[in-house]
Amino acid sequence: MKKIDALKWLCILSLIGFLYCFVTDLGFFMLFLESSKNSQDFGSVINIIIENLDDNGFVFNEYIASQVKKLYAVRVVFDLLAMVGVAFMFFKIKIGWTFYWIFQVAYFLSPYVFLNFQFEPSWPYFTGIAFVMFPLFNNMIHLVYVLLFMSQKEQLK
């Protein structure tokens, strides 16, 4: 039986994570695509998001809804392209590393580009809708995986 090296384990774990992210992002995209119908349902996910934004002093309006739709559409594309990078790295093709880190970093930064954020000179240093909907530490797992794959980069041809 063949031993699976660290790079292949990382690829398998990353593929599982991306499948989860893909399904989640696609689900949120579809949810926000039909937000006018779904927002009438009591206790829907959209109502929970709207209440969370209201609790933090933000108003969910048509502009934010359109930005969130665009954000999730872009994240679905980033999921797919990063999975292509993982597939290349699984077969130890070096271009996979480039695909992977570019789209992982883009995936990490996309909420802060599509939704507003501000840098404040006092605590909490970052504020905005992006940090309410996508907390920084929850989003950092993508950067951790970039570092993990960086440690295995010498195995790529």
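Since the model is a prediction, treat every value here as computed from it, not as a measurement. Numbers for residues simply follow the sequence, beginning at 1.
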*Asks:* Could you measure the distance from the OG atom of Ser110 to the NE2 atom of His142? Nearest 0.5 Å is fine.
*Replies:*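 Reported to 0.5 Å precision, the distance equals 8.5 Å.
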
*Asks:* Indicate the atoms forming the closest heavy-atom contact of Phe114 with Gln67, along with that distance.
*Replies:*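 Nearest pair, atom of Phe114 first, then Gln67: O-NE2, 2.8 Å.
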
*Asks:* Any sub-3.5 Å donor-acceptor pair from Asn56's side-chain atoms to Phe58's backbone N or O?
*Replies:*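 Not a single qualifying donor-acceptor pair exists.
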
*Asks:* Rounded to the nearest 0.5 Å, what's the gap from CG on Leu10 to CE on Met150? Could you check?
*Replies:*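 One gets 12.5 Å once the value is rounded to the nearest 0.5 Å.
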
*Asks:* For Glu154, does the CD atom sit with more than 12 other heavy atoms under 6.0 Å from it, leaving out its own atoms?
*Replies:*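 Atom CD in Glu154 is crowded, with more than 12 foreign heavy atoms closer than 6.0 Å.
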
*Asks:* How close do Phe88 and Gly96 get, counting heavy atoms only, and between which atoms?
*Replies:* CB-CA, 3.4 Å

*Asks:* For a 4.5 angstrom cut-off between non-hydrogen side-chain atoms, does Leu15 reach Met83?
*Replies:* yes

*Asks:* Report the distance from atom CZ of Phe103 to atom CG of Asp79, rounding to the nearest 0.5 Å.
*Replies:*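 So the gap between those two atoms works out to 11.5 Å.
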
*Asks:* Start with the C-alpha gap between Leu156 and Leu7, add the side-chain angles, then the distance that decides, and say whether side chain to side chain contact (heavy atoms under 4.5 Å, CB included) holds.
*Replies:* CA-CA 9 Å; Leu156 303 172; Leu7 178 64; 3.7 Å; yes

*Asks:* Please report the closest heavy-atom contact between Tyr100 and Ala82, naming both atoms and the distance.
*Replies:*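 Shortest heavy-atom separation between Tyr100 and Ala82 comes out as CD1-O, 3.9 Å.
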
*Asks:* Can you name the closest pair of heavy atoms from Val68 and Met133 and give their distance?
*Replies:* CG2-CE, 4.0 Å

*Asks:* In terms of hydrophobic clustering (I, L, V, M, F, W, Y; side-chain heavy atoms under 4.5 Å; direct or indirect links), are Val59 and Phe134 co-clustered?
*Replies:* no

*Asks:* Compute both the distance and the angle, then confirm whether Lys8 meets the cation-pi test with Phe90: under 6.0 Å from the six-membered ring centre, within 45 degrees of the axis.
*Replies:*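 Judged by the rule, Lys8 and Phe90 form a cation-pi pair.
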
*Asks:* Rounded to the nearest 0.5 Å, what separates atom CZ in Phe18 from atom SG in Cys11?
*Replies:* 11.0 Å

*Asks:* Are Tyr20 and Val144 connected, step by step, through hydrophobic side chains (Ile, Leu, Val, Met, Phe, Trp, Tyr) whose heavy atoms are closer than 4.5 Å?
*Replies:* no

*Asks:* Nearest 0.5 Å, please: how far is CG in Asn139 from OH in Tyr107?
*Replies:* 7.5 Å

*Asks:* Does the side chain of Val74 come within less than 4.5 Å of Phe29's, by heavy atoms?
*Replies:*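 Answer no - side chains too far apart.
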
*Asks:* If you take all heavy atoms of Leu115 and Leu71, which pair is closest and at what distance?
*Replies:*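 Closest approach of Leu115 to Leu71: CD1-CD2, 4.1 Å.
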
*Asks:* May I have the step-by-step check of side chain to side chain contact (heavy atoms under 4.5 Å, CB included) for Phe108 and Met140, ending in yes or no?
*Replies:* CA-CA 7 Å; Phe108 172 79; Met140 282 197 150; 4.2 Å; yes

*Asks:* Kindly indicate, with the supporting measurements, whether the criterion side chain to side chain contact (heavy atoms under 4.5 Å, CB included) is fulfilled by Leu148 and Trp9.
*Replies:* CA-CA 11 Å; Leu148 288 171; Trp9 276 114; over 6 Å; no

*Asks:* Before giving the answer on side chain to side chain contact (heavy atoms under 4.5 Å, CB included), spell out for Phe32 and Ile49 the whole-Å C-alpha distance, their side-chain angles and the decisive distance to 0.1 Å.
*Replies:* CA-CA 11 Å; Phe32 281 101; Ile49 292 170; 3.7 Å; yes

*Asks:* For residues Ala130 and Pro111, report the shortest heavy-atom separation together with the two atoms involved.
*Replies:* CB-O, 3.4 Å

*Asks:* Starting at CG of Leu80, measure out to SG of Cys21 and round the result to the nearest 0.5 Å.
*Replies:* 11.5 Å

*Asks:* Using the rule that two of Ile, Leu, Val, Met, Phe, Trp, Tyr join whenever any of their side-chain heavy atoms come within less than 4.5 Å, decide whether Met89 and Ile16 are in one cluster.
*Replies:*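 Both belong to a single hydrophobic cluster.
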
